[in-house]
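Below, read A as the first sequence line, B as the second, and so on, with proteins coming before strands; counting in each chain starts at 1.
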Amino acid sequence: MTTETPLELKKTVNLPKTSFAQKANLAQAEPVRLKKWEGLNLYRMIREARRGREKFILHDGPPYANADIHLGTALNKIVKDFVIKSRTMLGYDAPYVPGYDCHGLPIELFVDKKLGAKKANMPAVSVRRACREHATEALKRQTRDFQRLGILGLWENPYLTMSNQYEADTARLFGRFVERGYVYKGARPVYWCVYDQTALAEAEVEYREHTSPSVYVKFPLASDPSEIDPALAGRKVFFLIWTTTPWTLPANLAIAVNPNFEYAVIENGAEVYVVASELAGAVAEKCGLDAPRIVARFPGAKLDRLECRHAWLERRSLVILGEHVTLGGEADAETELDVREARDKSVTGKAGTGCVHTAPGHGHDDFVIGKQYGLDIYCPVDHAGRFTSEVEHFAGERVFEANAKIVEFLRERGALLFSENYNHRYPHCWRCKNPVIFRATPQWFISLDARSAEAAVEQDEDGRDITNYTDNETDAPESLRAGALREVEQSVRWIPAWGEDRMRNMLKNRPDWCVSRQRVWGVPIPAFYCKGCNEAIADASVIKHVAGIFERETSDAWYAREAQELLPAGFACPKCSATAFTKETDILDVWFDSGSSSVAVLEHYEELHFPADMYLEGGDQYRGWFNSSLMVGLAAHDRAPYRTVLTHGWVVDGQGKAMHKSAGNSVSPNDVIKGSGAEIIRLWCASSDYHEDMRCSEEILQRVSDAYRKMRNTARFALGNLDGFDPARDGVETGELLEIDRWALAELDTVTERVRAAYEAYEFHTVYHTLYHFCTVTLSARYFDIIKDRLYTAAPRSAARRSAQTALHRIADALARLLAPVLVFTADEIWENIPRGTGGTEAAPASVHLAEFPTVSGERDEELQERWTRLFEMREGVLIKLEAARNQKVIGSSLEARVSLVATGEHYKFLKEYEEQLRYIFIVSQVSVSEVHTTSGAVKSPIAVTVMVERAGGEKCERCWSYSVRVGESARYPTACERCVEALAEIEREGGAA
RNA sequence: CGCGGAGUAGCUCAAUGGCAGCAGCACUCGACCGAUAAUCGAGCGACGGAAGGUUCGAUUCCUCCCUCCGCGACCA
């Protein structure tokens, strides 16, 4: 049966047709899809779909709810989303509850600035309300931005560290530390403004030019000098120190020297002075000693624990060793508070003596080393900056005014070797612009080394690694440090592995945790002071009571209510039985807040549980959240709150430099979203190895966009050729597929396996590279290019075409699934455009995000893959010859070519088998394979197969564009080749073009 | 300065104690004009941050140096 008139050849070619647009228009399309997901309540649907599956809990570290998100925040959230989505598609039930860190100084500072002078007269509750509003605003904006990135989660009910429940839990957890005996009250130096009479945070300090007296002061050695060196026996030995804050001298308790430096003793008349060798000349010159003789030299380490007498007081000053001592005067400057400046300067003045005046109550390094040596944190200066009554000679003096008097006093006593005015940058109060001091004030600490009062052994509720701590049941109560080290080494998996070293190092060195902050925007430390005996009361049961109030009223209650209203009825001081109390004014360090999340969140949301399977943050969190969370986990449950800790690197610019808004090299995620779409940021996150620093620049994003377009086009080609394909009706059994189609599916299986494994291992860049390579090389350049002919020219319903479509269908489906965690929007778009079987057994889920990854059947035909690897190698060689022919103008299109292969023995046999297919594989019109016998003595070609290219014979077929000598044989279709004539007949039988 | 990390082609990544990759992109040239603001091909491109050492042989193991990054600061 033939139709009346011959068909128009052009119309019988099956060109791709799809509603999947070539141009993504992501910036516009993404919001539309987000709306759709919202309409579906996709996150809820996913939860339903995975109900009852094994849980995977990624616990979200809360970003700080202050400013808008930046690329680093975006990276963090996107990588988390990769984890959540890939675990979901691997079959886990992986809920995602996002959170926000809402308390803390940056917000309070922001509010301070906004309120200006008004703040001074405002009650704390009002300031806190303003802070709460600011955090609420910020977290709303962040939420919007995170959602815009395609991150699915429980956005309607995130956890906020300022919620009443969270604040109550934070207080309860502090109570837990108290209960176990980890909490104590001590002193610690902080920036202090003597005019505003308040503690200042580092961020509230600014550096300005300031003139201080620079003094060189002699401290007489009390120990036997011959202990240092026999040459010193009987000499009057002094340690020479330098300082620019003479007022801290009354608080001097030690002199620090560097154990690794060489020290020298220089002679000045009857006296000799100990100074660092390298500085001896400079010091001598400064102090006007001419060409002093050096009496002895020795390493600083020899001086450990010698005793000096204070320059004028009847008190010892211990010689101690500290690596912080330098030759540039910086360590001294630390005491003087301008260490930051000193460090920033590339050139530091050669001031100092190598013997550092140490006052643990007035300097940070001094405090740290003082603790090591068990020195008092001595601070005889009151809140107004006056010496207390215990300071001889200067009691009641204001410290800045006392400077000059102390210098004079030193001079009179003969303890001063030299003094001058010294200009340097010195910290000032950002508000009143006056110079500040470092002053030790009382603070609450959590001890790292105290043994706990009780050992709480509990069972892991899901019992996964209960054996990990059954051993501990008999253990004696341990310190936080010991417990932390045990967990870090034994029960946490660190990715990358060096995280363990990093964490261990940090834990070994970290000092006690100072949890006090002299601020109002945070969770108040629920402690009281007895008005009768001044006893500080931090009591577990009292704290529980207070937490109950917080639970109802938020911690604003602390400021809104009197102490009596916060205490349990009838509470009396355990020491003096008085019943009047004042409230603690310090709040908790925000790290305590966020550290509490393992309990406050994981045990609060029904879908979560303690411990989390994973914490995933930037490397900065080793000292931050990983650390504070670990402490809380130990206090609450004697174990780490995480099973695995995964860290990512920092975002840097194209040169590998850190990004700073001020440096102008930062990339704003919102700009990229507006220009290219969130998908491009996501793809960038997947494209490079996030374990290290991630570079981002125009060029890099351009590359990523290119890659995106390539993958999109690859998917589009597959979809375009599936028009009218019904997998249930038209699908071909695997065994019936053409060999090359089976090869493509075998390659897909290989890729599927690799990608699944990469997702399992959180190696997202491997996912990206594997899929990208698959799209560009395996599919676009090879498979698609080859099957194009068949798809376009074979009869629409022919077995040959259906075979290719069956493969394409499976490829498109797998690609959508495998891509889904990364390209959340595009994968879903692909998914929608995949034709679904009318008679399919199960309906495809409404979104790819409800689906699971494809699985691999198991029996992959490796032999098939090897054969095709060989064929493609052959193809490479042919392509090179084709290119040569093209350059010589023998051919233009490869279809204008005829290829002759001359091969020996086994090669011949192999190629001969494929002779019919080779023209398609090479995309030429004709291929012949012939055998040649190598004769000994003949010129031996190093290549076993010789390739020759010539112009194809015959005419170009109008329909399929290949050349054939048989074009013209058909009267009905005189411009078509024999293959097309056959296809046309089939089309006509079926009633016209598809 | 301490602790930790990194340094393979312009970019993003591989592999391996043995000639550095069937790399992809970019770039150059070319083909095609039936994936078309596409597609295909060819070419170009790293002496492995520098220097030592172990080894028959190292990019891969060790030492040291340089550069960059993070933490030490209430930034992911």
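Among the heavy atoms of the strands lying under 4.0 Å from A/His769 is at least one base atom, whether or not backbone atoms are also near. When heavy atoms are screened at a 4.0 angstrom cut-off, A/Trp498 is found touching the sugar-phosphate backbone but no base atom. Heavy atoms of A/Lys10 sit under 4.0 angstrom from at least one base atom. Contacts of A/Gly104 with the nucleic acid, taken as non-hydrogen atoms under 4.0 Å apart, include base atoms. Contact annotation for A/Thr869: no contact, since no heavy-atom pair falls under 4.0 Å across all strands. At the heavy-atom level, A/Val651 lies under 4.0 Å from base atoms of the strands shown. Counting any heavy atom pair closer than 4.0 Å across all strands shown, A/Asp620 reaches sugar-phosphate atoms only and no base atom. At a threshold of 4.0 angstrom between heavy atoms, the contacts of A/Phe872 with the nucleic acid are absent. Within 4.0 Å of A/Leu105, counting heavy atoms only, lies at least one base atom of the nucleic acid. A/His70 comes within contact range of at least one nucleobase, with a heavy-atom separation under 4.0 Å. A/Arg695 comes within 4.0 angstrom of the backbone, heavy atoms only, and of no base. Note on A/Gln702: nothing from the nucleic acid sits closer than 4.0 angstrom, heavy atoms only. Among the heavy atoms of the strands, none lies under 4.0 Å from A/Ala707. Residue A/Gly72 is classed as a base contact, given a heavy-atom separation below 4.0 Å to a base.
Of all nucleotides listed (B/rC74, B/rG70, B/rG34), B/rG70 comes nearest to the side chain of A/Arg502. Of the listed nucleotides (B/rC75, B/rG24, B/rU39), B/rU39 has the atom at the smallest distance from the side chain of A/Lys788. Of the candidates B/rG24, B/rC40, B/rA26, the closest approach to any side-chain atom of A/Asp785 belongs to B/rC40.
By the 6.0 Å and 45° rule, A/Arg959 does not stack over the aromatic ring of A/Tyr792. Both tests do not hold together for A/Arg790 against A/Tyr920: distance to the six-membered ring centre under 6.0 Å, angle to the ring axis within 45°.
Proximity of a side-chain donor or acceptor of A/Arg801 to a complementary backbone N or O of A/Leu791 within less than 3.5 Å is detected. A distance-only check finds no donor-acceptor pair linking the side chain of A/Asp81 to the backbone of A/Lys77 [under 3.5 Å]. Put simply, the side chain of A/Arg519 never gets that close to the backbone of A/Ile587: no donor and acceptor are under 3.5 Å apart.
Residue A/His660 places none of its side-chain N or O atoms closer than 4.0 Å to OP1 or OP2 of B/rC75.
Remark: the A/Tyr100 side chain and the A/Thr143 side chain contain an N/O donor-acceptor pair separated by less than 3.5 Å. Side-chain contact, A/Asn76 with A/Glu617: a donor N or O sits under 3.5 Å from an acceptor N or O.
Of all nucleotides present, none satisfies the Watson-Crick or G-U wobble test against B/rC64 with each distance under 3.5 Å. Under the Watson-Crick or G-U wobble criterion, with both distances below 3.5 Å, B/rC47 has no partner in any strand shown. The partner of B/rG4 is B/rC69, by the rule that a Watson-Crick or G-U pair needs both atom distances under 3.5 Å. For B/rC74, there is no paired nucleotide, since no Watson-Crick or G-U wobble pair has both relevant distances below 3.5 Å. Base pairing annotation: B/rU28 forms a Watson-Crick or G-U wobble pair with B/rA42, both donor-acceptor distances under 3.5 Å. The partner of B/rA23 is B/rU12, judged by Watson-Crick or G-U wobble contacts that both fall below 3.5 Å. As the counterpart of B/rA35, no nucleotide is assigned, since no Watson-Crick or G-U wobble pattern has both distances under 3.5 Å. Pair assignment for B/rU55 gives none, since no Watson-Crick or G-U wobble pairing has each distance under 3.5 Å.
No more than 12 heavy-atom neighbours from other residues, nucleotides or ligands sit within 6.0 angstrom of NZ on A/Lys881.
When side chains are defined from C-beta on, A/Arg875 counts as touching A/Ile786, because their heavy atoms get closer than 4.5 Å.
Applying the 3.5 Å distance criterion, the base of B/rA14 shares no donor-acceptor pair with the side chain of A/Thr766. Under 3.5 Å, the side chain of A/Arg870 and the base of B/rC22 form no donor-acceptor pair of N or O atoms.
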At a cut-off of 3.5 Å, list every protein nitrogen or oxygen paired with a nitrogen or oxygen from nucleotides 27-30 of chain B, distance to 0.1 Å.
none

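B/rA15 sits 26 Å from B/rC69 when the C1' atoms are compared, rounded to a whole Å.
Atom CG of A/Leu507 is separated from atom C1' of B/rG2 by 17 Å (rounded to the nearest Å). For the pair A/Glu692 CD and B/rG5 C1', the computed distance is 8 Å after rounding to whole Å. A/Ile369 has its CD1 atom 14 Å from the C1' atom of B/rC1, to the nearest Å.
Here A/Trp650 counts as stacked on B/rA76: its ring centre is under 5.5 angstrom from the base ring centre and the planes meet at under 30°.
Between A/His59 and the options A/Tyr642, A/Tyr96, A/Trp625, a ring-ring contact (aromatic ring centres under 6.0 Å, His included) holds for only A/Trp625.
Nearest-nucleotide positions on RNA chain B for A/Glu617 and A/Ser894 put A/Ser894 closer to the 5' end. Between A/Tyr690 and A/Glu876, the one whose closest nucleotide on RNA chain B sits nearer the 5' end is A/Tyr690.
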